[in-house]
Structure formats: C-alpha cells, structure tokens
K.L.:
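Can you keep this structure in mind? I'll have questions shortly.
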Amino acid sequence: MADLAHARAAFQGRSVVSADDFSKDDIIALLDAARQYDRFQDDGPTWAGIEPSLQGRVLGVLFFEPSTRTRLSFESAMLRLGGSVLGFADANISSFSKGETLVDTIRVVEGYCDAVVLRHPREGAARLAAEVASVPILNGGDGSNQHPTQTFLDLYTIRQAAGTLDGLKVGFMGDLRYGRTVHSLATALLHFDVNLKFIGPENLSLPPDLRDHLVAQDRLDAEVESLADAGDLDVLYVTRIQQERFPDPMDYQRVRNAYRVDRESLAPFGPDLKVLHPLPRVNEVATEVDDLPGALYFQQSRNGVTVRMALLDLILGAQGGGESA
Ligand code: CP
C-alpha cells in the first residue's frame with residue numbers, strides 16, 4: 001500500500017482539474033487511501049468507525065449541468081466525514097440567470113466554503129475557476145473535456161475487480177468524441193501497462209489532440225467501429241452518446257441506437273469481462289446485462305462515495321482522517 005503521507009502531500013489543499021495533473025504515484029496513493037472508506041457490503045454500507053475528520057468544513061457544489069452521481073456522491077462523502085454542503089438546486093435560480101460570470105460566482109462562493117465542486121458545460125471552466133479561486137476547485141466535469149474524479153473511481157473499480165491496473169486490455173465504446181469520462185480515463189491509463197482500444201462510429205471518434213497524444217506514445221492499440229472487431233478485452237467501458245453536445249440533432253439520431261451491448265454481444269468475451277459505465281445509461285447497456293458477474297456499473301457508482309471521501313479528506317483534512325482508534 002502506498003504511503004498515506006505521499007497521498008496527503010499530493011492532494012492537500014490542491015485543486016483537481018484534470019487527470020493529467022496527477023502522477024501515477026499520486027493516483028495509486030489516493031486509491032490506497034480510499035480502501036479505508038470502502039464500506040459497501042452485500043447487506044448495505046456500514047459507516048460506523050469513520051472519524052468525522054471534516055467537521056466544521058463546508059463543501060460548495062456548483063452544478064451548471066444536471067447530475068445525479070457526481071453531486072450526490074460528493075455530498076454523501078462530505079456528510080459522512082462530518083462536514084456540510086451548500087449549493088443551489090438549479091443554476092437557473094442562481095444569479096447566473098441574471099448574467100453573473102463564472103469568475104464572479106467563484107469569487108463570491110469561495111467566501112462561503114472550503115472547497116468547490118464545479119460542473120460546467122464549458123471546456124476549461126474548472127481550470128479558469130482554479131486560477132481565480134482561493135479554495136480548491138474539484139472538476140465535476142467541464143463540457144466534453146475532463147471528469148477527473150470519475151476517473152479516480154473508475155480506476156478504483158477496475159483495480160478492485162481485476163486486482164491490478166497493469167496487463168489489461170481496456171476497450172472504450174460509444175461516444176469517444178464528446179465523452180469526458182473517456183478522455184480522462186484514457187489519459188490516466190497511460191500511466192499503466194494497458195492495451196487501449198476504441199470502439200465507436202467515425203463521426204464520434206477521439207478528439208484529434210487526444211488521438212495524437214496516444215499515437216505519439218504508441219498506445220493507440222485499436223480503433224474500430226464494431227465491438228465484434230475489438231479482439232480480446234478484459235474491461236469494456238461503455239459510454240452514453242452525449243446527445244446534449246451534438247450541434248446537429250440529426251447527427252445524434254443517426255448514431256443513437258448504434259452502440260448497444262446485450263448478453264449476446266458480450267458472450268464472445270467470456271465470463272471474466274468487466275463492464276463499466278459512468279452512468280447514466282440510456283439504452284447502450286441492456287438491463288439483462290445487469291445480472292452478469294462482470295457488470296460493475298452500480299458498484300462503480302457506489303465507489304464514487306468511497307473515493308470522494310478519500311479525496312475530500314486528503315484535500316481538506318488535517319491528519320488523514322479515516323477510522324478512529
Ligand atoms: N457519472 C456521472 O458523472 O454521473 P452524473 O452525470 O449523474 O453526475
């Protein structure tokens with residue numbers, strides 16, 4: 001297990017804007033630190049014994065786009081650690097609707113809390129916020145760009161299920177162009193000895209800068225349009241086609257049902273295939289897949305609490321928190 005002191009040094013007081021900002025050692029240290037918060041058992045979570053290390057600390061949640069998991073798992077994590085949460089229920093009833101800029105909003109809200117989770121439709125919004133804020137900014141998703149805390153819980157889930165992050169063949173399927181979870185996770189996986197494959201329609205292929213980065217590192221192992229052409233896989237990371245990002249609604253109509261997995265299409269990969277999805281799903285994973293042992297997406301969403309507890313404690317806590325003696 002990596003040194004908790006390394007984890008605290010890497011994260012304390014720091015913004016989380018992009019997965020690229022963290023080294024392999026930083027990420028491993030975070031995933032190791034998160035193990036102590038892994039309380040989900042078959043009969044439900046048991047939170048007894050967790051030290052309320054963030055008592056008196058306040059987390060601001062500024063969501064300018066819809067969310068279920070990111071917002072609620074951050075809120076749950078903060079509350080489990082004894083802290084408090086504030087935020088508006090809907091950005092349209094904040095002063096954003098009167099024309100207040102993001103920079104002014106951040107400059108105001110930083111006076112009310114100790115850290116801010118920000119979700120915003122504009123790429124680069126989290127970086128801009130982190131540049132002006134005096135408190136850590138946690139990127140909860142900025143447009144099609146990045147979703148780094150999702151990446152941390154994705155890595156945690158893969159390692160939990162496979163026992164390792166090395167030696168795996170990982171396939172990304174669906175919206176490779178607009179899917180920020182794909183961009184974050186693929187970048188972070190470059191730290192590990194993995195084989196990266198991308199499955200999607202040509203008009204939703206990887207953004208050129210990410211594709212060039214993967215090619216330059218000789219890590220683009222396959223780009224195919226059909227899952228059947230992907231070859232062996234240990235992990236299949238399915239994503240929703242991001243309807244809200246399409247400039248032309250007709251382009252969405254053309255691909256909306258093209259990428260869907262069911263038991264039949266997954267059968268060739270064998271029973272050990274791990275299926276992840278950041279959720280929400282629309283129709284790209286048939287519900288009949290949910291009962292397969294490798295269907296990890298609900299466990300993945302629960303791990304959002306586990307990993308975000310560790311992250312918040314490392315960023316905001318004084319000593320490392322965790323279980324009381
Ligand atoms: N995975 C994820 O970001 O889900 P939400 O959009 O519900 O937060």
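First listed ligand is number 1; within each ligand, the first listed atom is number 1. Owing to the predicted nature of the structure, the values given are computational and were not obtained by experimental measurement.
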K.L.:
Can you label the angle between the Phe11 ring and the Phe22 ring as parallel, tilted or perpendicular, going by 30° and 60°?
P.N.:
parallel
K.L.:
Distance only, no hydrogens: is a donor on one side chain within 3.5 Å (strictly under) of an acceptor on the other, for Asp262 and Ser265?
P.N.:
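Yes, a side-chain donor-acceptor pair sits under 3.5 Å.
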K.L.:
Cation-pi check, Arg211 to Phe198: give yes when NZ or CZ is under 6.0 Å from the six-membered ring centre and within 45° of the ring axis, no otherwise.
P.N.:
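No, a cation-pi geometry is absent between Arg211 and Phe198.
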K.L.:
Cation over ring, Arg308 on Phe74, under 6.0 Å and within 45°?
P.N.:
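Output yes; distance and angle both within limits.
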K.L.:
Name the option, out of Arg119, Gln300, Glu65, Gln150, that contains the heavy atom nearest to atom 6 (O) of ligand 1.
P.N.:
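The nearest heavy atom belongs to Arg119.
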K.L.:
Could you tell me, atom by atom, which parts of ligand 1 come under 4.0 Å of a heavy atom of Thr68?
P.N.:
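Answer for ligand 1: 5 (P), 7 (O), 8 (O).
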K.L.:
List ligand 1 atoms under 4.0 Å from Leu279, heavy atoms only on the residue side.
P.N.:
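By the 4.0 Å cutoff, the relevant atoms are 1 (N), 2 (C), 4 (O).
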K.L.:
Got the closest protein heavy atom to atom 4 (O) of ligand 1, with its distance?
P.N.:
Arg69 NE, 3.0 Å
